[in-house]
Asker: 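After the structure tokens below, expect a handful of questions from me.
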Amino acid sequence: MAEDTSLEDFLDAGDESEDEGESGTSAEDDTTATESDAPDTEASADAVEPAVTTYAWSPDGAACAECGEVVERRWTQDGHLVCGACKSW
């Protein structure tokens, strides 16, 4: 079986410091950025909707919102957590 690759195999043996790019200039020296390069935070924040849960697992069990049966696994349906039998697939 072949040996796993070491992280050191991916390191560049050059003399560049971590802050220097391929051109040899420091990232802090980059003062030519324009206003159009900056991300539009207002537009990008509105475009992304937060993640919502679609499934819940309870090791001790929890009641189904429709039938009341205590189950470990429940799925979201119409804003409520329901068991697999009540979920309309």
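What you are looking at is a predicted structure, and each value in this text was computed from that prediction instead of being measured.
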Asker: Quick check for you: to the nearest 0.5 Å, what is the distance between T54 atom OG1 and R74 atom CZ?
Answerer: 12.5 Å
Asker: Could you tell me whether the side chain of K87 and the main chain of V82 form a donor-acceptor pair under 3.5 Å?
Answerer: no
Asker: Rounded to the nearest 0.5 Å, how far apart are SG of C83 and CH2 of W75?
Answerer: 8.5 Å
Asker: Could you go through residues 60-73 and list every donor-acceptor pair under 3.5 Å that involves a side-chain atom there, pairing it with any protein atom two or more places apart or in another chain?
Answerer:
{"residue": "E66", "atom": "OE2", "partner": "Q77", "partner atom": "NE2", "Å": "3.1"}

Asker: Just how far is it from atom OG of S6 to atom CG of L11, taken to the nearest 0.5 Å?
Answerer: 8.0 Å
Asker: For the residue pair L81 and T76, establish whether any side-chain heavy-atom pair is separated by less than 4.5 Å.
Answerer: yes
Asker: More than 12 heavy atoms of other residues, nucleotides or ligands under 6.0 Å from CG of D78: yes or no?
Answerer: no
Asker: Please report the closest heavy-atom contact between F10 and T5, naming both atoms and the distance.
Answerer: CE1-CG2, 3.5 Å
